[in-house]
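Below is one structure, written out as structure tokens; the observations come after it.
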Amino acid sequence: MSVQTEPGRQPERLRSKQSIAAGLLVAALVAAGAVNLATDQPRWWGLLPIVVYVVLVVLEINVVLATGAAVVIGFVLTGTGPLAMGTMMSESLGSFIAVIGLIIMLGAGLGRIAADTGAAQTLVRMLLNRVGVDSPVRIQVGIMLASTVLVGALGTLAGANAILAPIVIPVAAAVSRSRPSVAAMLHAGGAAGLIIGPFTPPVVTITGAADISYLQYLFSAGLPMAVVTWATGFAMARFIQRRTAETDQYSAEELAGMARNDGASGGTPSRTPGATPGGTLVATARERRAAVAFIGTIVAMAVLGVILEAGFAYAIVVMIVTAIVTALAGGMRPADALTSFYTGAAQLLWLFFLFWLFNPLLIMLEQSGAYEAMLESLQPTLESVGAWPFLMIALVIGWVGVAGAAVAQVVLINDLLWPLAATLGIPSTAWSAALLGGSQIDWFGPFPNADMIGQMGLARSSNLRMMLFNGWAIMAANLVLFAVLFTVLL
């Protein structure tokens, strides 16, 4: 199944969604103004900005624009004046979610330095050499393991696998791995890395929101989900390979293009793409130093963080220190290193603005009395159903009920439902598992999403049907996992 849309249909569909969004925004502003004039305590009406935000995101409106529109509705609803607006926005710069946005930007800057020094590419080759490239199974293990490590280190699925793909695809093609199977490997392997990397956005956000340590998170939620995701993805990649091996192979032109891209990115391929596997993938001495410095610093800082019981803000120090050490080991001049760092961080500036805007939205939600109204109305019902059903409900709400960036999903679900979870005596470790499942299972379905399509693009695959099969299998396996995990953790 192709991911292409019929010519002429996309602009018409987009205009229709924009018209619906504009109408919704006008209606919401009118309603917010009327409620503000009628009462000083909106209570349930306080959910209006969040509802508008979710609908706008579902309508595929730019998520920053959707958040900004929701904030404006919140200002109107609560009658917030210009001076109060300025104070709220300035205080938001130091909020939990804005700090997460800063960490993500710093991670993108670090990722660019790792790519420009050749550290990231060399790390991939070192892993492939260690695992071996002398059989299809070893190559699959190597590709997925490389994706897990690189994504976990860089904290970005798309960015890390964009570095990885030109290196590993020629190796996979040499043993006739199909494009859809490689896409499944990248998706599952990378997702596992995001789940367990000590300084990835989901992990930093969940440990901060649930107020638990990295090790508590890892053994109660992160590691089980990563193992299930990786193992299911491994099996599905083999399933997809058997069904697409004869029809969806890489062309010689694609492999030649990847070889040029790999060389341009700082790597030094040691043999012709598509050659018989088994040769050694070689990097320069400077690239090896940068790779060892990069991964060594992250590991050392992670261990130090565990010893010091560091909080989520410690990731800021990790990103900066790792960037400096990697740049020095890679022989970058300070000015070039700064330029590289700025370039990488600038690519995610929009995400920082998103989180900066999102915090006032949450504050106004609390001020409106919406949290209190929800607690009063839902507490008797949820107390009667018990802790396990509540956790499953929270997971489903996060999975299918709240759209947007995963970090925003975690913060919103935590703010909305943690007061109720606390009254039920749910431990923080179990709550972290609910936040993880609710914010990350939608990577895999039930509908196609940007993460899926992005990995297909990196693997040069257009077979959305097989990608959905891969996602649905991982999604189903994780739902079973969390159903069991909640029982164990309560």
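- Distance alone, capped at 3.5 Å, places no donor-acceptor pair between the Gln216 side chain and the Asp211 backbone.
- Counting only heavy atoms from C-beta outward, the side chains of Leu490 and Pro427 approach each other to under 4.5 Å.
- In this structure, Gln121 contributes its side chain and Ala115 its backbone to a donor-acceptor pair below 3.5 Å.
- Looking at every heavy atom in both residues, Ala293 comes nearest to Val325 through CB-CG1, 3.8 Å.
- The shortest distance between side-chain heavy atoms of Leu468 and Leu464 falls below 4.5 Å.
- Remark: side-chain polar atoms of Ser92 are paired, donor with acceptor, to backbone N or O of Trp356 under 3.5 angstrom.
- For the residue pair Gln241 and Ser181, the shortest heavy atom distance occurs at OE1-OG, 3.1 Å.
- Arg286 CZ: 12 or fewer foreign heavy atoms inside a 6.0 Å radius.
- Under 3.5 Å, the side chains of Ser178 and Thr244 contain a donor-acceptor pair of N or O atoms.
- Note that CE of Met105 and CE of Met319 are 12.5 Å apart. Values are rounded to the nearest 0.5 Å.
- Distance CZ/Arg460 to CZ/Arg179: 10.0 Å, rounded to 0.5 Å.
- Distance check: Glu287 CD to Leu123 CG gives 12.0 Å after rounding to the nearest 0.5 Å.
- A 6.0 Å sphere centred on CZ of Phe353 holds no more than 12 heavy atoms belonging to other residues, nucleotides or ligands.
- The minimum heavy-atom distance linking Phe352 with Ala98 is given by the pair CE1-O, 3.6 Å.
- Leu391 is not listed as a side-chain neighbour of Leu395, based on a closest heavy-atom distance of 4.5 Å or more.
- Here the side chain of Thr297 pairs no donor or acceptor atom with the backbone of Thr322 at under 3.5 angstrom.
- Ring-plane geometry between Phe486 and Phe482 is classed as tilted, the angle between the planes lying from 30 to 60 degrees on a 0 to 90 degree scale.
- Using a distance-only test at 3.5 Å, with no hydrogens or angles considered, a donor-acceptor pair links the side chain of Tyr214 to the main chain of Ile196.
- Here the side chains of Trp431 and Leu489 are not in contact, with every heavy-atom distance at 4.5 Å or above.
- Taking 4.5 Å as the limit, every side-chain heavy atom of Arg130 sits out of range of all side-chain heavy atoms of Met126.
- The heavy-atom pair separating Leu348 from Ala108 by the smallest distance is CD1-CB, 3.7 Å.
- Residues Gly190 and Ser147 come closest through the heavy atom pair N-OG, 3.0 Å.
- Of the possible donor and acceptor atoms, none in the side chain of Trp443 sits under 3.5 Å from a partner among the backbone N and O of Met475.
- In this structure, Tyr53 and Phe358 have perpendicular ring planes: the angle between them is above 60°, well past the 30° mark.
- With Arg112 contributing its side chain and Ser340 its backbone, the two residues share no donor-acceptor pair below 3.5 Å.
- Distance OH/Tyr314 to CZ/Phe199: 5.5 Å, rounded to 0.5 Å.
- Taking CG from Asn161 and CG from Leu150, the interatomic distance works out to 7.5 Å, rounded to the nearest 0.5 Å.
- Enclosure of atom CG in Asn62 by more than 12 non-hydrogen atoms of other residues, nucleotides or ligands within 6.0 angstrom is indicated.
- Looking at Thr200, its side chain does come within 3.5 Å of a backbone N or O of Leu194 through a donor-acceptor pair.
- The line from OG1 of Thr229 to CD of Gln440 is 9.5 Å long, rounded to the nearest 0.5 Å.
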